[in-house]
Undergrad: 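Please find one structure pasted underneath; my questions will follow.
Every value quoted in this text rests on a predicted model; they were computed, and no experiment measured them.
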Amino acid sequence: MSPDGTLSIGDLAARARTTVKTIRFYSDQGLLPEAARSSGGHRRYGPDALARLRTIRSLRALDVPVPEIKRVLESGAGPEPGDGLEAVVARRLDDIGGQLAALRWREAALRALQECEPGQLAERLDLIGAVSVPPDTSAIAHYWRRLLSARLRTAITEAAVPRPPADPTPDQVLAFARVHALATAATDHCLAGHRPVTETHPDLLYDGLYEAHQLVGAAVRAGRAPGPGEALDCYAAAYARAAGTRDTPAFRQALAARLAAADHPVMHRYWQLAGALIPGLTLGAADAWLRDALTADTATG
């Protein structure tokens, strides 16, 4: 160190156990400002440069980008909110979490390919390859938005769109890929067949169905098989109110026939696949329980 307390670039490199080239790079990026220049035009660094350089190298070792490091270093002089070390660490953790999720998805996808029969390989590769990594649910959400009226879209879409598991199994990767393929293949023509039975007052219908589905959850947890009870009464009453009529045995007979005729195989397949991805009872499983209960009730009535 010179009498004025500054260090040459070589001295700083030696003390930090790094190279002159590295220090010059950080200086040129604005991370390590020089304190002065010698009479010969050489860079000189102040006594705080060594600690600053160690901070830079520690953050680079954690793969923090140079612009982020610059914000951390500048935060000591009155930073804007979010510019400090804590915010940078939080952002890096978010980034790494996303990278790990993508790696776990890719690992499960590769295992799904590795474990299949040779004759299934091409089909599985097409299915899995059509899904972005990390997986995106926008195509599936779009399917439901096209299927439902405006008032119902948000609530039902949130419950119906499966979220990719954080640590998926090969079977879950395949299930998600098949749901994605089903949703993206749905044309406007075939969507007409996927739509649930509609009534004069669909808002009344879906408000009642939501309550009925909640009651089914309690029945399933209690181990009750589909049949007459509070959940079915709520279900049938919702359809009756939406149609502007009363819930009678004759109405239930007609409703059972209508629902059976409207039971589209694509929708059935959707909920079968979604069941592998959505924790707990899906809307589709709850509705199937209620339709089975209605069939049992009308058969005995």
Undergrad: Does I56 offer a backbone N or O that forms a donor-acceptor pair with the side chain of R52 under 3.5 Å?
TA: no
Undergrad: Pairing donors with acceptors under 3.5 angstrom, does anything connect the side chains of D292 and T295?
TA: no
Undergrad: Let me check something: do L174 and L110 share a hydrophobic cluster, defined by ILVMFWY side-chain heavy atoms less than 4.5 Å apart, either directly or through other members?
TA: no
Undergrad: Crowded around R37 CZ? As in, over 12 foreign heavy atoms under 6.0 Å?
TA: yes
Undergrad: Does any donor atom in the side chain of S138 or D136 lie under 3.5 Å from an acceptor atom in the other side chain?
TA: yes
Undergrad: Is the shortest side-chain heavy-atom distance between R15 and L53 below 4.5 Å?
TA: no
Undergrad: Between atom CD of Q114 and atom CG of L121, what is the distance when rounded to the nearest 0.5 Å?
TA: 11.0 Å
Undergrad: Is it the case that one hydrophobic cluster holds both L100 and V133, taking links as side-chain heavy atoms less than 4.5 Å apart, direct or via other members?
TA: no
Undergrad: Looking at R291 and D263, is there a salt bridge between them, counting it only when a charged N and a carboxylate O are closer than 4.0 Å?
TA: yes
Undergrad: Indicate yes or no for a side-chain donor-acceptor contact from Q172 to the backbone of P165 under 3.5 Å, with no hydrogens or angles considered.
TA: no
Undergrad: Would you find more than 12 non-hydrogen atoms of other residues, nucleotides or ligands less than 6.0 Å from E230 atom CD?
TA: no
Undergrad: Do L273 and V266 sit in the same hydrophobic cluster, where Ile, Leu, Val, Met, Phe, Trp and Tyr count as joined when their side-chain heavy atoms come under 4.5 Å apart?
TA: yes
Undergrad: Between L7 and R44, does the side chain to side chain contact (heavy atoms under 4.5 Å, CB included) criterion hold? Intermediate values first, please.
TA: CA-CA 5 Å; L7 292 166; R44 307 291 300 181; 5.6 Å; no
Undergrad: Has T55 got a side-chain atom pairing as donor or acceptor with A51's backbone, closer than 3.5 angstrom?
TA: yes
Undergrad: Heavy atoms only: give me the nearest R124-C116 pair and the separation to one decimal.
TA: NH1-CB, 3.2 Å
Undergrad: Which heavy atom in A183 sits nearest to a heavy atom in I140, and how many Å separate them?
TA: CB-CA, 3.9 Å
Undergrad: Could you go step by step and tell me if Y143 and T184 meet the side chain to side chain contact (heavy atoms under 4.5 Å, CB included) rule?
TA: CA-CA 7 Å; Y143 167 80; T184 54; over 6 Å; no
Undergrad: Within the structure provided, determine whether V179 and P162 are in side-chain contact (heavy-atom separation under 4.5 Å).
TA: yes
Undergrad: Specify the closest pair of heavy atoms between P164 and T137, including all atoms of both residues, with the distance to one decimal.
TA: CD-CG2, 3.7 Å
Undergrad: Begin with the C-alpha distance, continue with both residues' side-chain angles, and end with the deciding distance and a verdict on side chain to side chain contact (heavy atoms under 4.5 Å, CB included) for T6 and Y45.
TA: CA-CA 5 Å; T6 61; Y45 295 90; over 6 Å; no
Undergrad: Applying the 4.5 Å side-chain criterion to the ILVMFWY set and letting contacts propagate, would I96 and L59 be lumped into a single cluster?
TA: no
Undergrad: Salt bridge between D28 and R43, side-chain N to carboxylate O under 4.0 Å?
TA: yes
Undergrad: Say you draw a straight line from CZ of R60 to CG of L31; how long is it, rounded to the nearest 0.5 Å?
TA: 9.5 Å
Undergrad: I want to check something: taking the side chain as every heavy atom from C-beta on, are R224 and V220 in contact at a cut-off of under 4.5 Å?
TA: no
Undergrad: Is any side-chain heavy atom of K21 less than 4.5 Å from a side-chain heavy atom of F25?
TA: no
Undergrad: Look at the side chain of R246 and the backbone N and O of A240, then say whether any donor-acceptor pair between them is shorter than 3.5 Å.
TA: no
Undergrad: Under 4.0 Å between a Lys/Arg side-chain N and an Asp/Glu carboxylate O for E68 and R71?
TA: yes
Undergrad: Determine whether the side chains of T19 and T22 contain a donor N or O and an acceptor N or O closer than 3.5 Å.
TA: yes
Undergrad: Mind checking what makes ring pair (Phe, Tyr, Trp, His ring centres under 6.0 Å) contact with W105, not counting sequence neighbours?
TA: F176
Undergrad: Treating Ile, Leu, Val, Met, Phe, Trp and Tyr as nodes and any side-chain heavy-atom pair under 4.5 angstrom as an edge, say whether L294 and L215 lie in one connected cluster.
TA: no
Undergrad: Return yes if some donor-acceptor pair links the side-chain N/O of T282 with the main-chain N/O of A285 below 3.5 Å, else return no.
TA: yes
Undergrad: Kindly compute the distance separating CD1 (I128) from CZ (R106), expressed to the nearest 0.5 Å.
TA: 13.0 Å
Undergrad: Measure the CG-OH distance between D297 and Y235 for me, rounded to the nearest 0.5 Å.
TA: 12.5 Å
Undergrad: Looking at P226 and A293, what are the two nearest heavy atoms and their distance?
TA: CB-N, 3.6 Å
Undergrad: Quick one about R145 and T157 (side-chain donor to acceptor, distance below 3.5 Å, no hydrogens or angles considered), yes or no?
TA: no
Undergrad: Ion pair present between R91 and D95, side-chain N to carboxylate O less than 4.0 angstrom?
TA: no
Undergrad: Using 0.5 Å steps for rounding, measure from the CD1 atom of I69 to the OG atom of S58.
TA: 9.5 Å
Undergrad: First locate atom OG1 of T18, then atom CZ of R57, and finally report the distance between them rounded to the nearest 0.5 Å.
TA: 4.0 Å
Undergrad: Quick check: closest heavy atoms across A225 and W289, and the distance to 0.1 Å?
TA: O-CZ2, 3.4 Å
Undergrad: Can you list everything that forms a ring pair (Phe, Tyr, Trp, His ring centres under 6.0 Å) with W144? Sequence neighbours excluded, please.
TA: Y270, W271
Undergrad: Using side chain to side chain contact (heavy atoms under 4.5 Å, CB included), reason through S27 and I23 one step at a time and then give a plain yes or no.
TA: CA-CA 6 Å; S27 291; I23 294 176; 4.3 Å; yes
Undergrad: Is any NZ, NE, NH1 or NH2 atom of the basic residue among D171 and R111 found under 4.0 Å from an Asp or Glu carboxylate oxygen of the other?
TA: no
Undergrad: Find out whether Y239 and T245 are in side-chain contact, i.e. whether some heavy atom of one side chain is under 4.5 Å from a heavy atom of the other.
TA: no
Undergrad: For P65, is there any backbone N or O sitting under 3.5 Å from a side-chain donor or acceptor partner on R92?
TA: no
